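Letters A, B, ... are given to chains in the order of the sequence lines, protein chains preceding strands, and every chain is numbered from 1. Note that this is a predicted model, so its numbers are computed, not measured.
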There are 2 protein chains.
Amino acid sequence: MQLAGLDAASLKTVRVSVVDQLYATLRGAIIDNDLSPGARISETEIAQHYGVSRQPVREAFIKLANEGLLEIRPQRGTFVAKISRPAVMDARFVREAVEADIVKLLAQAPEPTLIADLRGHLVRQREIIGGSARDFMEADEAFHHTLAAGAGKENAWRVIVEMKAQMDRVRFLSSMHFSVARLVDQHTQLVDAIAAGDAVGAEQAIRSHLRGILQDLPIIEQEHPEYFR
Amino acid sequence: MQLAGLDAASLKTVRVSVVDQLYATLRGAIIDNDLSPGARISETEIAQHYGVSRQPVREAFIKLANEGLLEIRPQRGTFVAKISRPAVMDARFVREAVEADIVKLLAQAPEPTLIADLRGHLVRQREIIGGSARDFMEADEAFHHTLAAGAGKENAWRVIVEMKAQMDRVRFLSSMHFSVARLVDQHTQLVDAIAAGDAVGAEQAIRSHLRGILQDLPIIEQEHPEYFR
DNA sequence: CTCTCTTGACTTGTATGGTAGTATGCAAGA
DNA sequence: TCTTGCATACTACCATACAAGTCAAGAGAG
C-alpha cells in the first residue's frame, strides 16, 4: 500500500491530531483509487504502517465509514466501500439540486467582483487542458467552491464536498474519458449566464454540467465491475 | 440529565453495539433539547451514567460532532453545539433545494399508490392537531420520508435527515409558536399539486412550506439568546 | 490590594490488553 | 466426494491505563 504525505516521523511533530491526519490521508487515497473499492484494510495494519496505536486509526475509520467511503463489518473486517450506483446517483442528484439553487441566487444579483474571480478560475482551467486529471479536479473543486462561497453558503458547501467524494471516485476512474475542454466550456457558459443575470440559463447550465457523470457511470461500471457493489 | 430508553442493564443484553445505542440516545436528547445548546457533557460522566467505558462514549461523540450536534474542544471539554444561525439557514437551504427537486420528480409522474399513501399520512396528521409537538414532528418526518422514498431517493434522504437535525432543534423550541394545522394544510396543498401533475405548484408548495422556519428563527433567537452562538 | 506563578484537578488524546464473534483450512466421518 | 466438527488465526469491540493540554483557585511576592 502506498500512502503519500504522511510518515511515522512527521506524525509526532505536527500539531494536528493523529486522527485528522490519518483521516485526510486515507480519504485522499480512497478517492484517488490508491485504495481500490473492495480492498481490505485492517486497523492493525494501518496502525503499524504509521507507527501509531490502533485507536486513532479506528476513529479515522469511523469518520470515513460515516461518509460512506469505508464499510466496517463487525468482527469481520473493514473494507473500502464498493461504489454503489444508487449512492452515486443520489449524491449527484443532491449536488445538482443544491448547486442549481446556488447559481440561481448568484444570477439574481450578480456581483462584479465574484464574476471577475470566476473568470480568473476559467483562465487557469484553460491552462490545465491537456494536463493531469488530478490538477483539473482540484481546479474544478475550487471553482465550485467559489460559487457556493459567493452565495454565502459555506455550510452548504460541506454537503457538496461529501457528495463530491462519491462522485469523484467514479470521475477519477473515468479520467481517460471525459473531455476537460468540454467541462471548461460548460463552466464558461455558466459564468456568462450568471454575469448576464440569466437565472434560468445559469440553472440549466449547472444542471447540464452536473449530469455529465450520468454518461460516464455505465461505462465505468462496465469496465470495472469489480469496483461496484 | 434525563435520558430515557437506555439503562445499564439493557446495554449488555441487546445485540446492537453500545456506540450505536449511545449515539441514538444522545442524538434524541440533543434534538429534544433535553441536552441544551452550550451544555457541557464529558466522556467520563456519560460513561459512568451508563456503566460503560469511555471509549464507546467517545466514538458516539465523534459521530455527533461530525453531524454538527456536538463540539469537541481538545483538552477542554465537549459541549452541545450552540445553534448557529448560518448553519440552520444553510441546512434549510439545502433541504429546500433537494426536496424541491424531489417533488418535481413526483409531480412529473404521479403514482396513484404513492398519492394514496401520502393522503393516509395527511389523515393521521389531522388527528394529531392539538396533540404533542413531538408526535407531530414524527409524523412530519414520516411524511417527508415518504416523499423521498417515493422518488427513489433513499440515499438522498440521509442528507435531509442530517439537515433536519439542525432545524428540528429550533423547531422544538418553537413548538408553542407554529401552527400544526397550517403545516398540515401546506402538506395537503403539496399532495394535491403532485396528484394533479402540477410540478410548478408542487415545487412552490414545498419551498413555501420549508421557508416557515425563517419566521420562527429570529423569534427563537430573541427568546433564547443563550442557545445561540 | 494586585499581580504572578504554581499547583492540581479537570479535560480529551493515545496506547495497550482482553474478549467475543467470524472466516478458513484441515481432518475425521458419512 | 461431500459434509461436519474443530483448531486456529484473524477481526472489530470494549475496558483500562497513561500522556498531555487547559483552566481556575490559591499562595506568595510586590
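Remark: E45(B) does not engage R40(B) in a salt bridge, criterion side-chain N to carboxylate O under 4.0 Å. The pair R58(B)-E59(A) meets the salt-bridge criterion, since a charged nitrogen lies less than 4.0 angstrom from a carboxylate oxygen. With salt bridges taken as basic N to acidic carboxylate O contacts below 4.0 Å, one links D32(B) and R134(B).
Listed nucleotides dA15(C), dT16(C), dT11(D) differ in distance to R54(A); the shortest reach to its side chain belongs to dT16(C). In the set dT14(C), dT16(C), dT11(D), dT14(C) carries the atom at the smallest distance from any side-chain atom of V19(A).
No side-chain donor-acceptor contact under 3.5 Å links E141(B) to the backbone of V161(B). A donor-acceptor pair is defined here as one N or O able to donate and one able to accept, closer than 3.5 Å; such a pair exists between the side chain of Q166(A) and the backbone of G68(A).
Contacts between residues 56-68 of chain B and DNA chain D, defined by a heavy-atom separation below 4.0 Å, involve P56(B), listed by number. Looking at residues 69-84 of chain B, you'll see Q75(B), R76(B) sit with a heavy atom under 4.0 Å from some atom of DNA chain D.
In terms of phosphate contacts, S53(A) brings no side-chain nitrogen or oxygen within less than 4.0 Å of OP1 or OP2 of dT14(C). Regarding contacts with the backbone of dT11(C), a side-chain N or O of S42(B) is found under 4.0 angstrom from either OP1 or OP2.
Taking atom CD of Q55(B) as the reference point, atom P of dT16(D) lies 12 Å away to the nearest angstrom. As a whole-Å value, the separation of E45(A) CD from dA9(D) C1' is 16 Å. Atoms CD (Q48(B)) and P (dA15(D)) sit 13 Å apart, rounded to a whole Å. Rounded to whole angstrom, the span from the OH atom of Y23(B) across to the P atom of dC13(D) amounts to 16 Å. Separating the CD atom of E43(A) from the P atom of dA15(C) is a distance of 13 Å, rounded to the nearest angstrom.
By the side-chain contact (heavy atoms from CB on, under 4.5 Å) test, T146(A) is found to be paired with L114(A), D117(A), L118(A), H121(A), residues two or more places apart in sequence or in another chain being considered. With sequence neighbours excluded, the residues satisfying ring-ring contact (aromatic ring centres under 6.0 Å, His included) with F143(B) are H187(B).
Sequence neighbours left out, the pairs with a member in residues 152-163 of chain A that pass side chain to side chain donor-acceptor pair (under 3.5 Å) are H145(A)-E154(A). Residue pairs meeting the side chain to side chain donor-acceptor pair (under 3.5 Å) criterion with at least one member in residues 60-80 of chain A, sequence neighbours excluded, are D20(A)-K63(A), Y23(A)-E67(A), R27(A)-E67(A).
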